[in-house]
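Read the structure below first, then the notes.
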Amino acid sequence: MRYSTLALVACSLGAPAAASAQAPLPLARLDGPVVLDGRPDEPAWQRIDPLPLTLYLPTFGGTPTQRTEIRVGYDEEHLYFAGRFYDDDPGG
C-alpha cells in the first residue's frame with residue numbers, strides 16, 4: 001500500500017470562526033514543533049487523532065473506500081492541516 005502526504009499552514013489564528021449547524025470538533029494543540037516539508041511524521045502529529053470522515057459523493061454519509069487520515073492542530077500562531085491519502089492500487 002502506498003500513500004501520499006500533505007502538510008501545510010492553512011491560516012493564521014485569530015480569524016473569526018464560521019458558524020455551523022453541527023457541533024464543532026475539538027482541535028488539538030500541537031505539543032511539539034512540526035516541519036512544513038510535506039511529511040507529517042513528527043511525534044506531535046502522531047499524538048493527534050485523525051478527523052472522522054464520511055463521503056459526500058457518490059453516497060452521502062458513506063464510508064470512504066480508501067484509507068484517509070486528516071489531522072488538524074494548532075499552536076499559538078497558526079492552524080495546521082496534515083493528511084495521508086492511501087491508495088490500494090496506485091497504478092490504477
Side-chain angles (χ1 to χ4, degrees):
M1 178 182 296
R2 297 181 59 181
Y3 64 88
S4 300
T5 60
L6 168 70
L8 61 129
V9 174
C11 63
S12 179
L13 291 179
S20 173
Q22 296 180 346
L25 292 172
L27 295 182
R29 183 177 180 86
L30 291 165
D31 62 1
V34 295
V35 178
L36 300 180
D37 60 359
R39 295 178 172 260
D41 54 4
E42 293 86 4
W45 280 123
Q46 303 309 312
R47 289 188 281 273
I48 295 177
D49 291 330
L51 296 176
L53 300 176
T54 57
L55 291 176
Y56 182 75
L57 289 173
T59 305
F60 182 78
T63 302
T65 57
Q66 297 290 314
R67 183 175 165 198
T68 303
E69 297 175 355
I70 306 291
R71 290 177 167 84
V72 180
Y74 70 95
D75 62 15
E76 55 278 343
E77 295 183 31
H78 299 97
L79 180 63
Y80 299 88
F81 294 83
R84 286 190 181 216
F85 309 95
Y86 295 83
D87 188 347
D88 288 336
D89 183 19

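Computed from a predicted model, the values in this text were never measured in an experiment.
The distance from atom CD of Glu69 to atom CZ of Phe85, rounded to the nearest 0.5 Å, is 10.0 Å. The OH atom of Tyr80 sits 7.0 Å away from the CD atom of Glu77 when rounded to the nearest 0.5 Å. Remark: Arg67 CZ to Arg84 CZ distance equals 8.5 Å, nearest 0.5 Å. For the atom pair Glu42 CD and Asp37 CG, the distance stands at 6.0 Å (nearest 0.5 Å).
In the hydrophobic cluster analysis, where Ile, Leu, Val, Met, Phe, Trp and Tyr join through side-chain heavy atoms closer than 4.5 angstrom, Leu53 is grouped apart from Tyr56.
Minimum interatomic distance between Thr68 and Tyr86 (heavy atoms only, all atoms of both residues): N-CD1, 4.5 Å. Here the shortest heavy-atom pairing between Asp88 and Gln66 reads N-OE1, 2.8 Å. Contact between Pro40 and Ala82 at its shortest, heavy atoms only, is CB-CB, 3.5 Å. Counting all heavy atoms, side chain and backbone alike, Gly73 lies closest to Trp45 at N-CZ3, 4.1 Å.
Applying the side-chain contact (heavy atoms from CB on, under 4.5 Å) rule to Leu27 yields the partners Val72, Tyr74, Leu79; only residues at least two apart in sequence or on another chain are considered. With sequence neighbours left out, Leu57 forms a side-chain contact (heavy atoms from CB on, under 4.5 Å) with no residue at all.
Sorted by first and then second residue, the pairs that involve residues 26-36 and meet salt bridge (Lys or Arg N to Asp or Glu O under 4.0 Å), not counting sequence neighbours, are Arg29-Glu76, Asp31-Arg47.
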Assess the residue pair Phe60 and Thr54 against the criterion (side-chain contact (heavy atoms from CB on, under 4.5 Å)); give the C-alpha distance rounded to whole Å, side-chain angles, the decisive distance to 0.1 Å, and a yes or no. CA-CA 8 Å; Phe60 182 78; Thr54 57; over 6 Å; no

